[in-house]
Amino acid sequence: MTDPIRTDALIIGAGPVGLFAVFELGLLDIKAHLVDVLDKPGGQCAELYPEKPIYDIPAIPVITGQGLTDALLAQIKPFAPTFHYGEMVAHIERIGDPAFRCTTVSGKVFEVTVVVIAAGGGSFQPKRPPIKGIEAYEDKSVFYAVRKMETFRGKRVVIIGGGDSALDWALNLQPLASRLTLVHRRDEFRAAPDSVRKMRELVAAGSMDLALGQVMSLAGEEGVLTGAVIRSGDGAMATVACDALLPFFGLTMRLGPVTNWGLALKGDLVPVDTATFETNLPGIFAIGDINTYPGKLKLILSGFHEGALMAQQAYRHVHPDKRLVFQYTTSSTSLQKKLGAA
Ligand SMILES: Cc1cc2nc3c(=O)[nH]c(=O)nc-3n(C[C@H](O)[C@H](O)[C@H](O)COP(=O)(O)OP(=O)(O)OC[C@H]3O[C@@H](n4cnc5c(N)ncnc54)[C@H](O)[C@@H]3O)c2cc1C
């Protein structure tokens, strides 16, 4: 066992909610380390939709997924959190009242007073379509997320799916791609009606193609795609030339090790007390998409609110002998000093 890293709080998950939790904890003198299985911060925002606009962050009319992540990193900088990327927390063991020993799969050990689970949907993974041999093309010609739109400039792109992600990316990538084909098994779409209308207009204008059917197999060599073989409803087979294939079949959320931590669970979610966002285990909190309570909305702004209330209760565990004084950042010189603003 390596020497344990000792700190006040371990935040499991560096998505937007885990990042903002650093800020709320920091204002209350609670030091935090963050662990994430991904190799970067931002959770779903950075991994699934870095270049897409978000319109419902209070006081920010529009910001991309990556933009929000960068802004949160700037906001928490004064608290100098330590990040541990590429690490999955596998075990949590109670060693005090409260105090926990958390161990990652690679054997990194943390001893902390409180644990904040901000694990979103757990380790989320895109659903792989049933296309024989697709694994050989993944991350070379087959992509389940668009990290950088420029990657697809001048390419022949095939997108599979009928939901919002498929239609959104078809509309976003159509101007960049040399040719874009949307493949869906039937002529009905789950996506927003406005997106479907725009897609049909582009197809009618000859600016993109819509193929009704299923991608059965792929043509290419050593991960470099040259075509997708599509079977239409009447059984006819046709090959569409393509350099990049983007299947959008939804995500599978895997809760993973969270199920082994002795938490009361409701389905794949962790029930919490909405006054404190504490779980059934005192000292272990759950905020963001991972938790559930009556009226829960899986929105970033809900996770921010949850982080603020969580920090108040975490303070009582980390600083049991101190009185908690409610303060505004606008008027408290002590808070401004912590933020480096006074
Ligand atoms: C396409 C799309 C568009 C969206 N648009 C909006 C929008 O416009 N407005 C809005 O408010 N919300 C939107 N959302 C939802 C929003 O992204 C989520 O509500 C938000 O990301 C939840 O943040 P989180 O920090 O709780 O979890 P996540 O962002 O899921 O981050 C959780 C992190 O925890 C890590 N993790 C999980 N388990 C472990 C473990 N055991 N050990 C270590 N790390 C772990 C994961 O790798 C992940 O990075 C959208 C979602 C999608 C998919």
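This structure is a prediction, so every number in the text was calculated from the model and none was measured. Whatever order the structure lists ligands and atoms in, that order sets their numbers, starting from 1. Throughout, numbering of the chain's residues begins at 1 and tracks the sequence.
Each of the atoms 40 (C), 42 (N), 43 (C) of ligand 1 lies under 4.0 Å from some heavy atom of Ile12. Of all atoms in ligand 1, listed by their number and element, those nearer than 4.0 Å to a heavy atom of Lys298 are 19 (O). Close approach of ligand 1 to Val35 (heavy-atom distance below 4.0 Å) involves ligand atoms 43 (C), 44 (N). Atoms of ligand 1 lying under 4.0 Å from at least one heavy atom of Ala118, given by number and element, are 32 (C), 33 (C), 34 (O). Every atom of ligand 1 with a heavy atom of Val17 under 4.0 Å away is listed here by number and element: 23 (O), 24 (P), 25 (O), 26 (O). The ligand atoms of ligand 1 that sit less than 4.0 angstrom from a heavy atom of Gly13 are 33 (C), 34 (O), 35 (C). Listed by atom number, the atoms of ligand 1 under 4.0 Å from Gly120 heavy atoms are 26 (O), 27 (O), 28 (P), 30 (O), 32 (C). Residue Ile54 has at least one heavy-atom neighbour below 4.0 Å for each of these atoms of ligand 1: 7 (C), 8 (O), 9 (N).
In summary, the aromatic rings of Phe83 and His33 are positioned with their centroids too far apart to meet the 6.0 Å limit. For Phe20 and Phe304, the distance between ring centers is under 6.0 angstrom.
Residue-to-ligand polar distances keep Val258 apart from ligand 1: every N/O pair is separated by 3.5 Å or more. Considering both main-chain and side-chain atoms, Ile300 comes within under 3.5 Å of ligand 1 through a nitrogen or oxygen pair. Close N/O approach between Asp36 and ligand 1 is found [any backbone or side-chain N/O within under 3.5 Å]. Between Val37 and ligand 1, at least one pair of N/O atoms sits closer than 3.5 Å. Where the criterion is an N or O separation shorter than 3.5 Å, residue side chain and backbone included, Asp289 meets it with respect to ligand 1.
Side-chain contact of His305 with Glu24: a donor-acceptor pair under 3.5 Å is absent, judged by distance alone. Side chain to side chain, Glu306 and Tyr293 meet the donor-acceptor criterion of an N or O pair below 3.5 Å. Looking only at atom types and distance, the side chain of Tyr144 has a donor-acceptor partner in the side chain of Glu138 under 3.5 Å away. A donor atom on one side chain and an acceptor atom on the other are not found under 3.5 Å apart for Thr329 and Gln336. With 3.5 Å as the limit, one finds a donor-acceptor pair spanning the side chains of Gln44 and Asp289.
Using a non-hydrogen distance threshold of 4.0 Å, Glu47 does not register as a contact of ligand 1. Within the 4.0 Å heavy-atom shell around ligand 1 one finds Gly122. The closest approach between Pro16 and ligand 1 falls below 4.0 Å for a heavy atom of the residue.
Of the listed residues (Trp169, Tyr49, Tyr55), the one carrying the non-hydrogen atom nearest atom 4 (C) of ligand 1 is Tyr49.
Note on Arg128 versus Glu135: salt bridge recorded, some NZ/NE/NH1/NH2 to OD/OE distance being below 4.0 Å.
Ile300 and Leu269 are assigned to two separate hydrophobic clusters, defined by single-linkage of ILVMFWY side chains at heavy-atom distances under 4.5 Å.
Rounded to the nearest 0.5 Å, atoms CG (Leu10) and NE2 (His84) are 7.5 Å apart. Phe152 contributes atom CZ, which lies 15.0 Å from atom CD of Gln174 (distance to the nearest 0.5 angstrom).
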